[in-house]
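Presented below is the structure to which this report refers.
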Amino acid sequence: MAATELFTKRARVWIPDPEEVWKSAELIKDYKPGDTVLQLRLEEGSDLEYRLDPKTKELPPLRNPDILVGENDLTALSYLHEPAVLHNLKVRFIDSKLIYTYCGIVLVAINPYEQLPIYGADIINAYSGQNMGDMDPHIFAVAEEAYKQMARDERNQSIIVSGESGAGKTVSAKYAMRYFATVSGPASETNVEERVLASNPIMEAIGNAKTTRNDNSSRFGKYIEIGFDKRYRIIGANMRTYLLEKSRVVFQAEEERNYHIFYQLCASASLPEFKMLRLGNANTFHYTKQGRSPIIDGVDDAKELRNTRQACALLGIGDLYQMGMFRILAAILHLGNVEFKARDSDSCIVPPKHVPLTIFCDLMGVEYEEMAHWLCHRKLVTAAETYIKPIARLQAVNARDALSKHIYAYLFNWIVCHVNKALLSSAKQNSFIGVLDIYGFETFDINSFEQFCINYANEKLQQQFNLHVFKLEQEEYMKEQIPWTLIDFYDNQPCINLIEAKMGILDLLDEECKMPKGSDNTWAQKLYNTHLKKSVLFEKPRLSNVAFIIKHFADKVEYQCEGFLEKNKDTVFEEQVKVLKSSKFKILTELFEEEEKILSPTSATPSGRVLLSRTGLRAAKPKLDQTSKEHKKTVGHQFRNSLQLLMETLNATTPHYVRCIKPNDFKYPFTFDSKRAVQQLRACGVLETIRISAAGFPSRWTYQEFFSRYRVLMKQKDVLSDRKQTCKNVLEKLIVDKDKYQFGKTKIFFRAGQVAYLEKIRADKLRLACIRIQKTIRGWLLRKKYLCMRNAAIVIQTYIRGYQARCYAKFLRQTRATIIIQKFQRMYVVRQKYRRMQSVTLALQSYMRGYAARKRYQEMLRRHKATIIQKHVRGWLARVSYKKSIQSLIYLQCCFRRMKARRELKKLKIEARSVEHYKKLNIGMENKIMQLQRKVDEQHKDNKSLVERLSHLETTSKTEKDKLRNEVGRLRLCEEEAKNATNRVASLQEELERLRKELVQTQSEKKTIEEWANKYRTDNELLVSGLKEENALLKIEKDELNQLIQDQAKRLTDAMEKKLLEETKQLELDLNDERFRYQNLLNEYSRLEERYDDLKDEMNTMTLPKPGHKRTDSTHSSNESEYTFSSEVTESEDFPYRHEEPVDKKAPLDMSLFLKLQKRVKELEHEKQILQDDLDKKDEQIIKAKSKENATSPVRGTEFEYESLKRQELESENKKLKNELNELRKAITEKTSPDVAGQGQSVYKVLLEQMQSVSEELEVRKEEVLILRSQLVSQMEAIPHKDDKVTIYILLLL
């Protein structure tokens, strides 16, 4: 069909788009042959010119009619191409919330990333027994079709589920198995279907893990054969596994986890039966903490372990075997924590009594020394002898990880073997349905041996898929007896040959592995020499010599050669395996023994993928020589054999395909990323199916469907009783080219685009018919509407006029009745109002008169009672006043007597105080002074730091102010430039006026110049205004900064002042305390002086008795008796002074010495009076200094000098008094007669001792006061002179 008929106005096409891959547009102009540009209008309303490729002249793909959008089957679309498929899937997924779509024999399943209510038992019953096309697309429909074909054709079936990680492969396979278990039912009462479904949680626990793309990603491929008997009921199942990712056991990328079973064990470590495993948190093990994501949101690992154990119990794996499994898994975790210490560059050791290795050996039942030895050594066997060689620390770590992977791979195969034994049935199997859950095509930034094997498997599956689709297509044409030619489709056999043929990539890899010095580099060179120029599917990267590129069916993939040889060999030290085989742990030895009995063991890549396990229902037991030979095969060779066995199985069955699509990489529910979807559609073969279908006759209609749809294009005479002939006649008229369609036995086959063409003709015909029908219907409706409106208007007028007359008559009657009612109503209201006023007035009068009488009575009664109360109160007041007077007199007498008693008591207490008691009161004075000194030092340091901070802030504020001044200067320059620009504008305006006068004749040029001048003026004005605004903003900012600096300085100053004030108050309190103590010392000094006078009087009495007079007790004063003798002298010592002695026994004293002493005592009293006057003057000076708040530093210096002079004078006077007192003592002792000395010797010694102790205590207190004063003065001088008031006050206190 000509392009001019399809690419007409309003036709819609798809154009490439970098964001959405394809974008819809509509032609706004017909396309004509030879045009290089298409005039398009996008859906958002913008117009676009789409340029065609000048070489190919290829037009953009057409969009399908709206009737075909959202079809269940993609092959039913008229235009089969990539944008049509992508749009149909997106509409169904986003708009209709449908995740399943057919693409011929392929079911496309898009992961919704949320739970949908479409998998219940009622849904299973709805799909049971239905044909595949009768119900909406569903995984149950595919399962039902497989089950039905198995029963109908007696042929084995396969459901192949593939897709990327996170696309939902495992879930789709699980729902298919659930459908079979529900629909078929068991052949016996042994709950076979429950055991089949119970294998899922076990395999998910040991084979699934969290990845960045999926929280429950299957890290292995599996093929499950569900067996049925002759009545097509489940009797058992068998499982084969492929490519377990062993590397995940020892390494996980960021935000990923190890296999679920490890975290389930760690979460259940507190269970009593797990105490022996010595597990803990997952973060304590090296093999489970590398991904830093030990928890999956919404998943309870402890609960999942309970489900796993229940599934194991259901499959017949007892508690003993379960605990054996858990012991091996826990031992792997502890083995990962084993550390090595390097002795030198070529050897290492395990630390002695290493706890993780000890736990590993205990759990595995092996010897600690033997395992520690072989972890750090390896055995080299030559033809002549055997060497034991130490290995480096890195090699030891790699060997430890290889052993962990080896143990886990064997355990995985052992569990799969036990699951297969549990699912094995003794009944004869009639047929089976296999469910293949396998990985899809993979390409990453760095692709290695694992991706190579995965993509190789996908190449084989894609070839089988293409052949099957092509076969079904040809069978359909033959069934309908349509002449057909061979359809050309992509055959990927060359790519498969490149990988697996003789001298292919795998052969060269195996050959290099056998070489003694084989390496990845030499293998890469062999690949280049063998395939680089011979195969178009093999390329060499430009910038690498250790990589190669293969053109797969989906995309080009670059593989890095590094690690291929090591992963293909899958090396594990034999000595370490022998140590494990010699274990006392029965299950561990059984694990290795069962593995050796398997014909094709599940060997693994070192990266960690376990290959095919051939433990099928039909697998025969191998011989011993075959087993040893099989162990020597490389990983690539085993994988190729296992893949060949899988392809043979699939080719022997009828396949059904499920392609799982991952809509986005962020796991958002119902979010469709077109780029990711197209990438997966290209890789999974869906677009290849579309291409094969489009190469033939993709659109197919039954004759009845075609007649019903396109009956509007037929005339009455063309309609015959034979529908088939009618359709043929119409198509011959509508489509001239007979190659565009073919007539089959029951269907009409159309090539791509023909259904869209018929839809366009049908739409045009319906559009014309609609216009004609609309014209007729609208005229009839308007005439009918007019007649109805006219009749209605007449009827409405009749009724309205009658209604108005009735309303007027009613109004007259109501008016008359209203007047009568108003008359009687007004009369009634006035009469009632008068009656109410009369009754209220009478009531008020009665109440007022009663109230006045009661008030007069109460007044009389109140006066009588007041008189009685006054009488009694006045008498009581007189009595109270008298009693108070008596009590006051008694109280005054008591107070006076108490005051006299207290004075007497105080006097007695003062006399009773001794020097020892005074010492007790002043203990710790020196410590307190030192504490005060340290406190003053700390205050000085804090004050100094605050001053430094204040100076720093002042410097920073000055720098900020300088910056702001520079900025303001720059802005002023800008303002001057703006003014100059304004002046230039004025000059330009003058020039413009001059040009206007000269060039009047050129009016057009004048307009141009005016426009230019106006634009320039506005620009300058805008510039000037902008500069002014910027200047204003900068001024505001400068003011804000200044204000901020001022506020900060003010806050700092206030804080410093506040802190200094608090410290000053504390110093004042401390100084007041010290001053109080100093006053106490002065008082004590005065008391000592009084004591000194008493002693002097006593000495006078002792040395100068009158002749003939006897000494009695009356010579002692009351003070002496209480102060001295009561505390120091006993009655026995006082007894000699109580006896009278003769006058002739007393010796005369030296009168000249006595007169000198008496004179000296008077001089001392005179000096004491002078000192007292000086002290009074000092107090007056302190009072005057307190009143002077603004004293200057010279005044403080003068006061300090005056104080120091007075202190020196007092010290000198004190020394003189001390010397004279000593001389007096000496003279008394020398001049006193022996008799007198003998009589008063004891009393005199006591007095001398007391005098000496008091003088010593006085000297100590003076020295302490002097030290305190000197320290306080030095501290006050060190404080900065910022607070003169506080300083002066402290100095005055000193």
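What you see is a predicted model; the values in this text were computed from it and never measured. Residues: numbered from 1 along the sequence shown.
- Between Glu43 and Lys23 no salt bridge is recorded (no basic side-chain N to carboxylate O distance below 4.0 Å).
- In terms of heavy-atom proximity, Phe672 sits nearest to Ala677 at CZ-CB, 3.5 Å.
- Annotation: side chain of Pro663 is not in contact with side chain of Asp673 (no heavy-atom distance under 4.5 Å).
- Aromatic rings of Tyr119 and His138 (six-membered ring for Trp) have centroids within the 6.0 Å cut-off, being under it.
- A cation-pi contact, defined as under 6.0 Å to the ring centre and within 45° of the axis, is absent between Lys724 and Phe743.
- Under the 4.5 Å side-chain criterion, counting only non-hydrogen atoms from C-beta, Leu27 is in contact with Leu40.
- Among the candidates Glu145, Glu144, Lys148, the single residue satisfying the side chain to side chain donor-acceptor pair (under 3.5 Å) test with Asn131 is Lys148.
- With no hydrogens or angles considered, no side-chain donor-acceptor pair links Lys667 and Asn111 at under 3.5 Å.
- Under the 4.0 Å criterion applied to side-chain N and carboxylate O atoms, Asp47 and Arg41 are assigned as salt-bridge partners.
- Outside the 6.0 Å centre-distance limit, the rings of Phe707 and Tyr703 are not counted as a close aromatic pair.
- A salt bridge is defined here as a Lys NZ or Arg NE, NH1 or NH2 lying under 4.0 Å from an Asp or Glu carboxylate O, and Asp665 with Lys675 fails to meet this definition.
- Here salt bridge (Lys or Arg N to Asp or Glu O under 4.0 Å) pairs that include residues 822-841, with residues two or more places apart or in two chains, number zero.
- Other residues, nucleotides and ligands place more than 12 heavy atoms under 6.0 Å from the CE atom of Met827.
- With a 4.5 Å cut-off on side-chain heavy atoms, Phe140 and Tyr175 count as touching.
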task: Please assess Val730 against Leu734 for the test side chain to side chain contact (heavy atoms under 4.5 Å, CB included), listing each intermediate value before the final yes or no.
output: CA-CA 6 Å; Val730 172; Leu734 296 177; 3.4 Å; yes
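- The shortest distance between side-chain heavy atoms of Glu26 and Lys9 does not fall below 4.5 Å.
- The environment of Lys29 atom NZ is sparse: at most 12 non-hydrogen atoms of other residues, nucleotides or ligands sit within 6.0 angstrom.
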message: Run Arg676 and Gln679 through side-chain hydrogen bond (donor to acceptor under 3.5 Å, both in side chains) and show every step you take.
response: CA-CA 5 Å; Arg676 293 286 291 117; Gln679 181 183 0; 3.1 Å; yes
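- At a threshold of 4.0 Å, the pair Lys32-Asp35 does not count as salt-bridged, since none of the basic side-chain nitrogens sits closer than that to a carboxylate oxygen.
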Side-chain polar contacts of residues 88-96 - donor-acceptor pairs under 3.5 angstrom, sequence neighbours left out - could you list them?
residue	atom	partner	partner atom	Å
Asn88	OD1	Gly70	N	2.6
Asn88	OD1	Glu71	N	3.1
Asn88	ND2	Glu71	O	3.1
Arg92	NE	Thr101	OG1	2.9
Arg92	NH1	Gly70	O	3.3
Arg92	NH1	Asn72	OD1	2.9
Arg92	NH2	Tyr100	O	2.7

